[in-house]
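To keep things clear, I will list the structure first and then write my remarks on it.
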Amino acid sequence: MTQLVSIRVKKSVEEAVRKGMPWVYAGELVDSSELLLIPSGSLVTVENPKGQRIATGYFNHRSQIACRILTLLPEPVNVAFFARRFRKALEMRDRLIGVPYYRLIHSETDGLPGLLVDRFGDIIVIQVGTAGMEQLQPLWLEALETLLQPKAIVLRNDTASRLLEGLVKEVTWLKGEPVRLVELTENGCTYFADLEHGQKTGWFYDQRDNRKLIANLAKGKTLIDIFSHSGGFGIVAAVQGAKEVTMVDSSALALELAMKAAQRNGVAERCKVLQGDAFAVMERLAKDGQAFDIVLADPPAFVKSKKDIASGLKGYEKVSRLAAALVATGGHLFVASCSHHAGRSAFNKAVLDGVAKAGRKAEIVKQTGASGDHPRHPSLAQNEYLKGILLKITS
Ligand code: SAH
C-alpha cells in the first residue's frame, strides 16, 4: 500500500470516528500549517493525536467537512475496494426492489461519501459531490463498469454544492450514446425521466414507497398531486383506480413527461395537468370551492441551510394550510419534506399548524421516510432528510 499523507484528529472525535462517524469537520483536526498544502481530494491516513492510524479518508481543506472517511480497516482504496462496496449495495437493492430501477449508491450510507448512483436499467446516472470522490473516479468507474456493464453512463455533475468543493459544474456522457429520455419501472408503472435536463438525476426514487402508500388509498377517489414533477405519485394512483388525478407543477418539461406516462399506462383520460405556481394554483382552486379526496404536496426543499430553518418551516406551514383547504372532509392529506435541516418534529409541527390555520382538524395516520434504497447513516441525523406525514382530515 502506498504511503498516504496523514492528518490528525483531536482526541475528542477519535471515538466517534472509530464508531463510524464518516465526517471530520475542519475544527476537529489537530492544527497544522501543512494541512493547507495537501491537494484537495487527496487520500489521507487519519490518525489520533498519538499518531496511531484510525481510518483512511479523503481530505479537502476548502470544505467545512474537511475529511470524509472511506474505511476503518487497513485496506487499500483500489478497484477491488469499490467493487466490494458496489456488490454489497447491489445485492441489497436487488432484494429490496426487484427491478433494476433504484438508487444504487447513497453516498455515506453505502460507504462511498460524495457518490450518488441512480440506475435506470442499463443506463447509469452518477453525481459526484466531492473533490475526493472525483479524484478516485478512475477506480470506482472501472469497478462499476465491470459489475454492471452498463450501456450508457452520464455524469450529472451540475449541483451547486460542487462549487464549494472547488469543482466545476458539468454534464458529461462517459459511455454510450447520449439518451435524453429513459423509461423506468416503479410500482408496476412505466414512467419517463429526462437524464440530462430533469431535476437531480432525473427521477426521485426516494418517494417510491410513499407513492405506493398513497396509491393504495386512491381507488375511486379524486386526487391532486401538488409539486408533481413527472407524475411519480399521480400516475400510480390513477393506475390503482383513482377516479381523477390532477398534477400541478411549474415545470412544463416535468408535466410533459407526466402526461406521457399517463398515456403509456393507459390512464390519460383520468389524468390532467396544471402548469403554474403551486401556491397560486391552490389558492385559486380553494376560491373556486374545489375539493379532493386526497391532496398531496411534495415541495422542493424549503430549508436549504441551517440559517433558513425558520423561514423554511413557514413554507411547509403555508403549503399545508393551502393544501388542507382543498381536502374533502374525511379525505387524506400527505405532505413531504426533503429538507436535510428540518427535523421530523419541527416538520410535523409546521404541517399541523398549517392544517389548524386552515380551520381543519386532523388525525395522524402515518409518518414515513425515504425508500430503502436511500438508507440512513446511523451517525448522520441529517441523513433522515425525507419525511412524510399522512393525515386524515376529520372536519
Ligand atoms: N413529487 C415529485 C417530486 C417533486 S420535486 C415526485 O414524486 O417525483 C419538486 C417539484 O416542485 C419539482 O418538479 C419542481 O418543478 C416543482 N416546483 C418547485 N417550485 C414550484 C412552485 N412554486 N410551483 C409549482 N411547482 C414547483
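Every number for a ligand or one of its atoms is a count from 1 in the order of the listing. FYI, side chains are in, hydrogens and waters are out, and symmetry mates aren't considered; it's all heavy atoms of this structure.
For Ala254, the heavy-atom gap to ligand 1 stays at 4.0 angstrom or more.
Of the charged side-chain nitrogens involved, at least one lies within less than 4.0 Å of a carboxylate oxygen, so that Arg264 and Glu183 count as a salt-bridged pair. Between Arg208 and Asp373 there is a salt bridge, since at least one side-chain N of the basic residue sits less than 4.0 Å from a carboxylate O of the acidic one.
Under the 3.5 Å distance criterion, with hydrogens and angles disregarded, no donor-acceptor pair is assigned to the side chains of Asp277 and Ser250. Glu186 and Trp203 share a side-chain donor-acceptor pair at under 3.5 Å.
A cation-pi contact, defined as under 6.0 Å to the ring centre and within 45° of the axis, links Lys318 to Phe279.
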Compile the donor-acceptor pairs under 3.5 Å between side chains in residues 5-15 and protein atoms, sequence neighbours left out, one pair per line.
from: Ser6; atom 1: OG; to: Glu47; atom 2: OE2; distance (Å): 3.0
from: Arg8; atom 1: NE; to: Glu47; atom 2: OE1; distance (Å): 3.0
from: Arg8; atom 1: NH1; to: Pro49; atom 2: O; distance (Å): 3.3
from: Arg8; atom 1: NH2; to: Glu47; atom 2: OE1; distance (Å): 3.4
from: Lys10; atom 1: NZ; to: Gly27; atom 2: O; distance (Å): 2.8
from: Glu14; atom 1: OE2; to: Arg18; atom 2: NE; distance (Å): 3.2
from: Glu14; atom 1: OE2; to: Arg18; atom 2: NH2; distance (Å): 2.9
from: Glu14; atom 1: OE2; to: Asn48; atom 2: ND2; distance (Å): 3.2

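The number of heavy atoms from other shown groups lying within 6.0 Å of NZ (Lys361) does not exceed 12. Around atom CG of Asp31, no more than 12 heavy atoms belonging to other residues, nucleotides or ligands sit under 6.0 Å away.
The closest heavy-atom contact to atom 7 (O) of ligand 1, among the options Arg211, Met282, His229, comes from Arg211. Nearest-heavy-atom check against atom 12 (C) of ligand 1 across Gln207, Lys200, Gln275, Gln199 picks out Gln199. Among Val319, Ile226, Asp298, the residue whose heavy atom sits closest to atom 3 (C) of ligand 1 is Asp298.
The N/O atoms of Ala278, backbone and side chain alike, include one that comes under 3.5 Å of an N/O atom in ligand 1. Here's the thing with Ser230: none of its N/O atoms is less than 3.5 angstrom from an N/O atom of ligand 1.
Here Cys338 has no heavy atoms under 4.0 Å from ligand 1, in either its backbone or its side chain. Using a 4.0 Å cut-off between heavy atoms, Phe227 contacts ligand 1 through both its backbone and its side chain. Counting heavy atoms closer than 4.0 Å to ligand 1, residue Ser250 contributes atoms from both its backbone and its side chain.
Atoms of ligand 1 found under 4.0 Å from any heavy atom of Phe204 (numbered from 1 in listed order, with element): 3 (C), 5 (S), 8 (O). Set against the non-hydrogen atoms of Ser251, the atoms of ligand 1 under 4.0 Å away are 15 (O). Residue Gly276 approaches ligand 1 through these ligand atoms, each under 4.0 Å from one of its heavy atoms: 23 (N), 24 (C). Interface of Asp277 with ligand 1, defined as ligand atoms under 4.0 Å from a residue heavy atom, comprises 21 (C), 22 (N), 23 (N).
Using a 30° and 60° split on the angle between ring planes, Phe227 and Phe302 fall in the perpendicular class, above 60°.
The ring of Phe120 has its center closer than 6.0 angstrom to the ring center of Tyr205.
Annotation: atom 19 (N) of ligand 1 to nearest protein heavy atom, Pro300 CG, 3.9 Å. What sits closest to atom 10 (C) of ligand 1 on the protein, heavy atoms only, is Asp249 OD2, 3.5 Å.
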